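Taking it in order: structure first as structure tokens, then the write-up.
FYI, side chains are in, hydrogens and waters are out, and symmetry mates aren't considered; it's all heavy atoms of this structure. Keep in mind that what you see is a predicted model, and the values were worked out from it rather than measured.
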Amino acid sequence: MNKRYVFILIILLSINSMGFIAQDNSSLESTTDQSAGQIQNGIYLELGGNAGVYSINYERLFSLGKINIAGRMGFSFLSERLFIEPEENKGLEILIPFGANVIYGFAGSHRIEAGIGGTYYSHKVYAITMNTSNINNQPVSTDLVRKNEIWPNFNIGYRFQKTSSGMYYRAFFNGHLSRRFLADSPNSHSQYSMLTLDPWAGISVGYGF
């Protein structure tokens, strides 16, 4: 199985495990039932954020008193035609953001949140395929090859959300960690890589139930 899919599966199992732990701790600390209408699920549209342009997300919330843990996963489909008219059709770019947020309520419906996660990114890039049939044929033409990546990321921000079902809103700063390959000099064929932080931000509108 592809290592990237194994990594995403581990994240999902970890989120599910956190939910069981949160529910067990909550039952030990309080013997009262959850108040009627308290939300456990959310669906939201995120603009900017972990998928770059937009994403549609589902989150599951687990209560620990004033602190909630929210596991999230979403999806986004992008076409190059949204921004430029491509010379060749590269097809859809697929982005799947996932992660977990810790949410702390400090005054009524006002909350702060912070989380970590990642974004699975599948897209096509131009690449040169070298083999025995074309090694002596220069220059070698480029081909479109699908590339799959995972961007680790983090976020911190503000959330306005009631404890009962209804609309909620988020605004946050987030950053993506990515590895970039650079040449030693403009005239050099050798390359080196460096880990970079790409700062970004996002807003969300969702419905909790």
Side-chain angles (χ1 to χ4, degrees), residues 7-23 26 34-79 82-83 92-123 149-178 198-209:
F7 179 75
I8 293 175
L9 180 60
I10 292 172
I11 291 293
L12 289 175
L13 292 175
S14 299
I15 292 172
N16 194 45
S17 299
M18 286 191 295
F20 286 119
I21 294 171
Q23 289 176 337
S26 179
Q34 279 189 323
S35 59
Q38 184 172 357
I39 68 168
Q40 294 182 322
N41 307 280
I43 297 176
Y44 61 90
L45 170 66
E46 183 173 287
L47 299 178
N50 291 340
V53 179
Y54 83 96
S55 62
I56 298 172
N57 300 266
Y58 167 78
E59 66 178 355
R60 176 75 173 178
L61 289 92
F62 308 98
S63 178
L64 289 172
K66 285 190 174 183
I67 296 177
N68 288 333
I69 297 176
R72 60 86 62 94
M73 175 163 280
F75 68 90
S76 175
F77 300 114
L78 293 175
S79 172
L82 289 174
F83 309 102
L92 286 177
E93 297 184 356
I94 303 169
L95 298 99
I96 302 176
F98 57 90
N101 292 321
V102 176
I103 305 167
Y104 175 74
F106 61 91
S109 300
H110 302 283
R111 307 169 189 274
I112 57 174
E113 66 174 54
I116 58 173
T119 300
Y120 171 79
Y121 181 37
S122 178
H123 61 116
E149 301 176 283
I150 289 182
W151 300 337
N153 51 50
F154 69 92
N155 64 273
I156 183 168
Y158 166 78
R159 175 187 291 233
F160 180 85
Q161 183 173 21
K162 298 179 180 179
T163 56
S164 57
S165 61
M167 301 294 293
Y168 64 93
Y169 311 91
R170 302 168 63 236
F172 57 92
F173 166 82
N174 73 299
H176 295 276
L177 293 174
S178 60
D198 299 318
W200 196 230
I203 58 174
S204 300
V205 178
Y207 183 82
F209 56 96

- Task: Show the numbers, then the answer: is there a side chain to side chain contact (heavy atoms under 4.5 Å, CB included) between Y169 and I203?
- Result: CA-CA 8 Å; Y169 311 91; I203 58 174; over 6 Å; no
- Item | Nearest heavy atoms of Y158 and H110, plus distance in Å | OH-ND1, 2.6 Å
- State the OH-CD1 distance between Y121 and I94, to the nearest 0.5 angstrom. 10.5 Å
- For the pair Y120 and M73, evaluate side chain to side chain contact (heavy atoms under 4.5 Å, CB included) and give the outcome as yes or no after the intermediate values. CA-CA 11 Å; Y120 171 79; M73 175 163 280; over 6 Å; no
- Check D198, N50, T119, N155 against N174 for a side chain to side chain donor-acceptor pair (under 3.5 Å) and give me the one that passes. N50
- Message: What's the separation between atom OG in S55 and atom CG in L45, rounded to the nearest 0.5 Å?
- Response: 7.5 Å
- Task: Look up atom OG in S164 and atom CD1 in I39, then write down how far apart they are to the nearest 0.5 Å.
- Result: 8.0 Å
- Query: Heavy-atom distance under 4.5 Å between the side chains of F154 and F173, does that happen here?
  - Reply: yes
- Note on the structure: Taken to the nearest 0.5 Å, the spacing of I56 CD1 from S76 OG works out to 8.0 Å
- Task: Please step through salt bridge (Lys or Arg N to Asp or Glu O under 4.0 Å) for the pair R159 and E59, ending with a clear verdict.
- Result: CA-CA 14 Å; R159 175 187 291 233; E59 66 178 355; 3.0 Å; yes
- Please step through side chain to side chain contact (heavy atoms under 4.5 Å, CB included) for the pair Y104 and I67, ending with a clear verdict. CA-CA 5 Å; Y104 175 74; I67 296 177; 3.8 Å; yes
- Could you label the plane-to-plane angle of the H176 and W151 rings as parallel, tilted or perpendicular, counting under 30° as parallel and over 60° as perpendicular? perpendicular
- Nearest 0.5 Å, what's the CD1-CG distance between I103 and L64? 11.0 Å
- Item | Closest contact, heavy atoms only, N101 versus G115 | OD1-CA, 3.2 Å
- Answer yes or no: are there more than 12 heavy-atom neighbours, outside I156 itself, under 6.0 Å from its atom CD1? no
- Task: Check for a donor-acceptor pair, side chain of Y54 on one end and backbone N or O of F77 on the other, with a separation under 3.5 Å.
- Result: yes
- Task: Could you tell me whether I116 atom CD1 has more than 12 heavy atoms of other residues or ligands within 6.0 Å of it?
- Result: no
- Message: To check you understand the geometry: which heavy-atom pair defines the closest contact between E149 and H123, and what is its length?
- Response: OE1-NE2, 3.0 Å
- Nearest heavy-atom pair of G206 and Y44: which atoms, and what distance? CA-CB, 3.4 Å
- Query: Judged by atom type as modelled, is there a donor-acceptor pair below 3.5 Å linking the side chain of R170 to the main-chain atoms of G157?
  - Reply: no
- Rounded to the nearest 0.5 Å, what's the gap from OG on S165 to CZ on F209? Could you check? 10.0 Å
- Query: side chain to side chain contact (heavy atoms under 4.5 Å, CB included) between E113 and Q161: does it pass, once the steps are laid out?
  - Reply: CA-CA 11 Å; E113 66 174 54; Q161 183 173 21; over 6 Å; no
- Message: On a heavy-atom basis, which atom in E46 and which in A51 lie closest, and how many Å separate them?
- Response: OE2-N, 4.4 Å
